[in-house]
Amino acid sequence: MISTSGITFSYSKEQTFILPDLHCDAGSTILITGDSGKGKTTYLHILGGLLKPSTGTIHIDSTNIVSLSESKNDTFRGKNIGIVFQKSHFVAALTVLENLEMASWLATGKKNSARAKKLLEQLGIANQIQKLPSQLSIGQQQRVSIARALMNEPKVVLADEPTSSLDDKNAEKVIELLSSLSKEYKAALIIVTHDSRVKEKFINRITLV
């Protein structure tokens, strides 16, 4: 579903990341681990088309996203890549439902309310649908982030430290939900983490050194 080859990236002449190749099939999970400053979040942003690598290829199905123009890359990402950011970036003035509807509208031109409600039901927060993001707990916000990432049935889901601000109970729930929903929707799941609670759950991993 997603594979990379020969990826390098430079913020400056003094800082160049040489990133390992990866391959993740639909419904499978890979962890990207490593110490701070080794390029974990940078790699995730490259995989999501938010940063363009200096060299290399990133294939999602048959599309090499590195070769896409900026506008085509934005369109492709909206339809094929779901991202769970470390900090939830919601539109504060919109309700939970409206934030999810906006995600589908930006990608397809349609507000998929039915899918939004189904995902919130699966994530156990359907009763929060009319609340503003600021009225939710951190754990609830993270679940809404997962729902938003899955709104457009992406081929790839990227999660950046999804459990970093959660207690043990909510961290376990988020891990289980990410894993089970990625399998259900046949999405390749790539998680950047330093959290030992996440590392215990998954075998497949790439460690940046």
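Atom set for the values below is all heavy atoms of this structure, side chains included, hydrogens, waters and symmetry mates excluded.
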Subject >> Least distance between heavy atoms, K52 atom then L68 atom >> reply: NZ-O, 3.5 Å

Subject >> Polar contact flag, side-chain donor to acceptor under 3.5 angstrom, T8-T55 >> reply: yes

Subject >> Crowding at NE2, H59 (>12 non-hydrogen neighbours, <6.0 Å) >> reply: yes

Subject >> Where E172 and K201 come nearest, the two heavy atoms and their spacing >> reply: OE2-NZ, 3.9 Å

Subject >> Minimal non-hydrogen separation, I30 against C24, with atom names >> reply: CD1-CB, 3.7 Å

Original post:
Do V96 and L150 belong to the same hydrophobic cluster, where Ile, Leu, Val, Met, Phe, Trp and Tyr are linked whenever their side-chain heavy atoms lie under 4.5 Å apart, directly or via other members?
Top reply: yes

Original post:
Is the shortest side-chain N to carboxylate O distance from D195 to R197 below 4.0 Å?
Top reply: yes

Subject >> Any donor-acceptor pair under 3.5 Å from Q142 side chain to P162 backbone >> reply: yes

**OP:** Would you indicate whether K199, at its atom NZ, is surrounded by more than 12 heavy atoms from other residues, nucleotides or ligands within a distance under 6.0 Å?
**Re:** yes

Subject >> Exercise: do N64 and T57 side chains pair donor with acceptor under 3.5 Å >> reply: no

**OP:** State whether a side-chain donor-acceptor pair under 3.5 Å links K155 with N80.
**Re:** yes

Original post:
So which heavy atom on L123 is nearest to which on A147, and how close?
Top reply: CD1-CB, 3.5 Å

Subject >> Donor-acceptor pair between H23 and D21 side chains, under 3.5 angstrom >> reply: no

